[in-house]
Amino acid sequence: MLLSLLSPSELWTGCLDYISRPCTLLLSLVTASLFCLWGREGQVPLLVCGDGFRAFLQRRCPIVAERFCPTPWCWGGRLQTLVRVFIKSSLSITYRNELIRTGDGGQLSLDWVDNSNSAEHPQTSTRPTVLFLPGLTGNSRQTYVLRAVQQATRHGYRCVVMNNRGFGGEELLTPLTFCAADTSDVETVVNHVKKLYPQAPLLGAGVSLGGMLLLNYLARKGQDSKMIAALTLSVCWDSFESSISLEQPINKLLFNRHLTRNLCSAINRHRKILGKVIDVDYVLKARTIREFDERFTSVMFGYKSCADYYRDASPGCKLQKTAVPVLCLNAADDPFSPKHAFPVSLAQRLPNVALLVTAHGGHIGFLEGLFPNGDGYMDRLLGQFVHAAFEHLEDLREACSIKDQEQVNDQCRSDAVAIGC
């Protein structure tokens, strides 16, 4: 009715006046950009592995062949990394806490989800178990851990989270913490879990530094890892390259200083006992992770230099020593783990290692959908791979050319007889 009272020239003048306003132009530009990004065809992640492992993953984990379309308004690896922390809704997971002692007299805090009502695996003694290793300053309460636990329990599996020393709410009983190169705590936990449930298969899942720990453990134990498979998410393959990337000005501002403050806060919280072996005040002056590792980590674990520690901590050149199927998810725009450090050529030659690389996703991000507060790509991948490994273990071993330990022992005895030993 009102429009009919306006002449055509007045109507056009009003429309032009409205659409020429700065706020309208900005809103239109943002809306057009979002629709453009949302409508843009996603990319299928790059899967680097042997033919057997590839065929298994494509059959049992179809997500590896799906197009990953990152959240359109969350562009770039840095934003993916930051947004996940704030936007992911927390889950209500009830843990059963257990404190176990270590060989040096210390203690580790384990958080269990026993899943006693599992319909798929009602027998406690044989219920498959997933061991989760959180990131650098993480624990069982991180949203990425909670969602991973939810994924595993949906399939009827038992879960246990190993909190790094000093980050699980427990007191330090000895002046020793943790680092990416020291796998003794992982070995303690694995032996403890297998002693409780010797017939239950065990799978390891590590995030960021937890993934480094897991890979280093698998490389050192080889056939004796007591795990049937492993999954790493946003692992840092080369500590030197990760340090360089995190010291870029914007990464230093957004991530490096924050993580360093968290590390220093943990040291200060336990300064009474750590002060026996470390100059705590000197450590607290660190402003980057490299400075922290120079002043604390390398000294604590007996390295001559930070470079020696970084060399020992980097898992990228140790993959050939692993003896179980390992799936590794990384994003090409991860500010913590630059893509030129990914062990692509090594993964191409190994039958038991698969490297899955998305074009976007950041560090522990992998957000998808317009409102990414639910399960994301990383969470769904974990659910599919864990289920595939536990429920189709023989197919997985065959695909990765892995013999069970008895076959290996028989082969060793045959070889010994053949050479007259």
Ring centre gap for [X] and [Y] strictly below 6.0 Å:
{"X": "Y157", "Y": "F390", "value": "yes"}
{"X": "Y303", "Y": "Y310", "value": "no"}
{"X": "F68", "Y": "H360", "value": "no"}

Could you tell me if the side chain of [Y] sits less than 4.5 Å from the side chain of [X], heavy atoms only?
{"X": "Y144", "Y": "V85", "answer": "no"}
{"X": "R60", "Y": "E391", "answer": "no"}
{"X": "Q107", "Y": "I100", "answer": "no"}

Handout entry: Donor-acceptor contact below 3.5 Å, side chain T260 vs main chain I289
Key =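 Yes, T260 side chain to I289 backbone: donor-acceptor pair under 3.5 Å.
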Exercise for the section: Hey, can you tell me if F385 and F53 have their rings parallel, tilted or perpendicular (30° and 60° cut-offs)? Expected result: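 Rings of F385 and F53: tilted, as their planes differ by 30° to 60°.
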Practice task
Specify the closest pair of heavy atoms between L173 and G105, including all atoms of both residues, with the distance to one decimal.
Solution key: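 It is CB-O, 3.7 Å.
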Salt-bridge criterion met for [X] and [Y] (N-O under 4.0 Å):
{"X": "D238", "Y": "K318", "result": "no"}
{"X": "D312", "Y": "R220", "result": "yes"}
{"X": "D293", "Y": "R290", "result": "no"}
{"X": "K339", "Y": "D333", "result": "no"}

Exercise for the section: Sort and list the pairs that fulfil salt bridge (Lys or Arg N to Asp or Glu O under 4.0 Å) and have at least one residue in residues 264-278, not counting sequence neighbours. Expected result: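 Output for this query lists R271-D281.
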Practice task
Just grab all the salt bridge (Lys or Arg N to Asp or Glu O under 4.0 Å) pairs involving residues 147-170, residues at least two apart or on different chains.
Solution key: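 Only D104-R165, R147-D375, R154-D375, R165-D185 qualify under salt bridge (Lys or Arg N to Asp or Glu O under 4.0 Å).
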